[in-house]
Number of protein chains: 2
Amino acid sequence: MQITSRFTIAIHVLVAIEYFKDMDRINSDFLAGSTGVNPVIIRTVISRLRSAGLLHTQRGSGGAELARPLSEITFYDIYQAVDSVDAQEGLFHFHERPNPACPVGGHIHQALDDKLALVQTAMEEQMKKITLQDVAADVAQMALQKKEA
Amino acid sequence: MQITSRFTIAIHVLVAIEYFKDMDRINSDFLAGSTGVNPVIIRTVISRLRSAGLLHTQRGSGGAELARPLSEITFYDIYQAVDSVDAQEGLFHFHERPNPACPVGGHIHQALDDKLALVQTAMEEQMKKITLQDVAADVAQMALQKKEA
DNA sequence: CCTAGTTGTAATATACAATATTACAACTAT
DNA sequence: ATAGTTGTAATATTGTATATTACAACTAGG
């Protein structure tokens with residue numbers, strides 16, 4: 001089981017919106033071409049990012065812009081935005097019918113919850129330390145090196 | 001997207017095997033009853049745990065025993081054992097066709113990989129710090145408290 | 001040796017979620 | 001008005017998790 005590609009798609013989209021902000025025609029078709037993902041998927045990912053307040057969009061004329069600088073958007077912000085359903089239920093899917101009459105089955109959930117939370121928190125804390133600026137800087141450097149070669 | 005319930009099932013099963021080790025008839029049907037999961041699923045989970053060297057089983061007569069003490073089996077050991085396919089591919093599912101001709105699409109994978117690895121490593125390092133002994137101790141204490149009440 | 005009970009595993013079914021696709025109303029700039 | 005775009009619903013397709021059935025391989029005990 002893996003974290004949805006919506007997460008890496010969202011990062012890609014946000015970095016691209018900033019990278020190409022001086023060009024016009026940064027619409028969902030362009031982003032679909034850059035990511036290799038269906039334009040409707042792009043629009044739904046953007047829709048979730050907008051709900052989370054990470055960017056603004058405009059109907060009709062097209063185009064999107066970030067709500068705040070790349071350095072102030074963390075992986076955690078994006079994860080919460082595009083994977084919010086599971087984010088509420090937690091990272092781990094617990095088996096749903098442990099037997100309450102069994103000494104183990106009756107307490108395993110309670111005994112595990114705090115430990116699973118430790119793991120999830122460790123992941124989320126690391127996500128909070130990484131920003132889109134870190135990604136954009138590497139992309140820009142790599143693109144430049146390629147140009148020079 | 002969540003980490004498979006096989007993970008919590010495996011923890012439940014291992015703790016139960018140790019908890020009930022002095023009783024007989026700890027077969028897959030009994031464990032299915034304790035977890036509320038199909039016995040064949042129990043056997044496949046156990047099969048993976050056996051492949052990972054975490055327990056030994058016996059055909060025909062039934063029964064399983066841990067290969068080493070609870071205190072020497074970490075969440076990470078179990079995660080690797082029962083989620084090994086995804087463990088090889090990483091925690092994150094990358095979108096598969098970013099456009100190599102695009103400055104962003106052509107470098108996003110390389111620019112992201114090390115950062116995604118940081119997140120995955122943070123999760124795994126926390127998993128390595130938690131053992132089945134921690135879980136078993138809490139289960140035993142809770143079962144005792146319930147008995148006294 | 002034979003029988004009952006069990007494990008290991010394949011094959012299949014069912015359920016659910018992710019992604020792709022089609023379609024179209026709402027909207028904006030020109 | 002028109003062309004192009006977003007937002008979103010509806011549906012299809014695909015992939016994966018879990019459930020279920022079936023049975024060969026095996027073990028212990030009579």
Side-chain angles (χ1 to χ4, degrees), chain A residues 1-10 12-13 17 23-33 35-52 55-65 79 82-89 91-98, chain B residues 1-10 12-13 17 23-33 35-52 55-65 79 82-89 91-98:
Chain A
M1 209 86 246
Q2 296 177 299
I3 288 173
T4 308
S5 64
R6 278 199 305 269
F7 180 66
T8 57
I9 292 168
H12 184 145
V13 162
I17 286 172
M23 293 176 51
D24 51 42
R25 296 279 166 155
I26 308 304
N27 56 25
S28 61
D29 270 350
F30 177 87
L31 292 169
T35 55
V37 164
N38 190 282
V40 178
I41 302 294
I42 297 293
R43 294 206 286 271
T44 60
V45 166
I46 284 182
S47 178
R48 295 193 189 212
L49 295 172
R50 177 166 31 80
S51 298
L55 50 71
H56 304 295
T57 58
Q58 207 173 5
R59 270 200 175 182
S61 61
E65 58 177 6
Y79 176 65
V82 301
D83 256 288
S84 59
V85 178
D86 294 342
Q88 286 176 358
E89 296 189 357
L91 179 61
F92 296 92
H93 178 27
F94 214 101
H95 53 298
E96 291 165 11
R97 295 180 301 276
Chain B
M1 207 86 247
Q2 295 177 300
I3 288 173
T4 309
S5 64
R6 279 199 303 270
F7 180 67
T8 58
I9 292 169
H12 185 145
V13 161
I17 286 171
M23 292 175 53
D24 50 43
R25 296 279 167 158
I26 308 304
N27 55 27
S28 61
D29 271 349
F30 177 86
L31 292 168
T35 55
V37 164
N38 190 282
V40 178
I41 302 295
I42 297 293
R43 294 207 285 272
T44 59
V45 166
I46 284 181
S47 177
R48 296 193 189 211
L49 295 171
R50 177 166 32 79
S51 297
L55 50 71
H56 304 296
T57 58
Q58 206 173 5
R59 269 200 172 181
S61 61
E65 58 178 5
Y79 175 65
V82 300
D83 256 288
S84 58
V85 177
D86 294 341
Q88 286 175 358
E89 296 190 356
L91 179 61
F92 296 91
H93 178 29
F94 214 103
H95 53 297
E96 292 166 10
R97 295 180 299 278

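Protein chains get the first letters and strands the later ones, always in sequence-line order, with residue 1 at the start of each. This is a predicted model, so every value here is computed, not measured.
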Review point. How close or far is atom C1' of dT20(D) from atom CD1 of Ile41(B), stated in whole angstroms?
Key: 9 Å

**Study point:** Rounded distance in Å - CG (Asp83(B)) to P (dA17(D))
**Key:** 8 Å

Review point. To the nearest angstrom, how far is Ile42(A) atom CD1 from dT19(C) atom C1'?
Key: 12 Å

Point to revise | Whole angstrom value for the distance that separates P of dT19(C) from CD1 of Ile3(A) | key: 12 Å

Review point. In chain order, what residues pass the side-chain hydrogen bond (donor to acceptor under 3.5 Å, both in side chains) check against Glu96(B), with sequence neighbours excluded?
Key: none

Review point. Can you name the residues that form a side-chain hydrogen bond (donor to acceptor under 3.5 Å, both in side chains) with Thr35(B), not counting sequence neighbours?
Key: none

Point to revise | For Ser51(A), side-chain hydrogen bond (donor to acceptor under 3.5 Å, both in side chains) partners two or more places apart | key: none

Point to revise | Point-to-point distance, once rounded to the nearest 0.5 Å, from CD1 of Ile9(B) to CD1 of Ile42(B) | key: 6.0 Å

Point to revise | Residues forming a ring-ring contact (aromatic ring centres under 6.0 Å, His included) with His95(A), sequence neighbours excluded | key: His12(B)

Check your understanding: Rounding to a whole Å, what distance do you find between Arg48(A):CZ and dA18(C):C1'?
Key -> 10 Å

Practice item. Please state how far atom CZ in Phe94(B) lies from atom P in dT19(C), giving the value in whole angstrom units. Key: 13 Å

Practice item. Using atom CG of Asn38(A) as one end and atom P of dA23(C) as the other, report the distance to the nearest whole Å. Key: 13 Å

Check your understanding: Can you tell me if the side-chain N/O atoms of Arg97(B) get under 4.0 Å from OP1 or OP2 in dA20(C)?
Key -> yes

Exercise for review: Using a 4.0 Å cut-off on protein heavy atoms (strictly under), produce a 5'-to-3' string for nucleotides 5-13 of chain C with B for base contact, S for backbone-only sugar-phosphate contact, and - for none.
Suggested key: BBBBBB---

**Study point:** Whole angstrom value for the distance that separates P of dC16(C) from NE2 of His93(A)
**Key:** 11 Å

Study note, to complete from the structure: Applying side-chain contact (heavy atoms from CB on, under 4.5 Å) to Arg50(B) and not counting sequence neighbours gives Ser47(B), Leu55(B), Thr57(B)

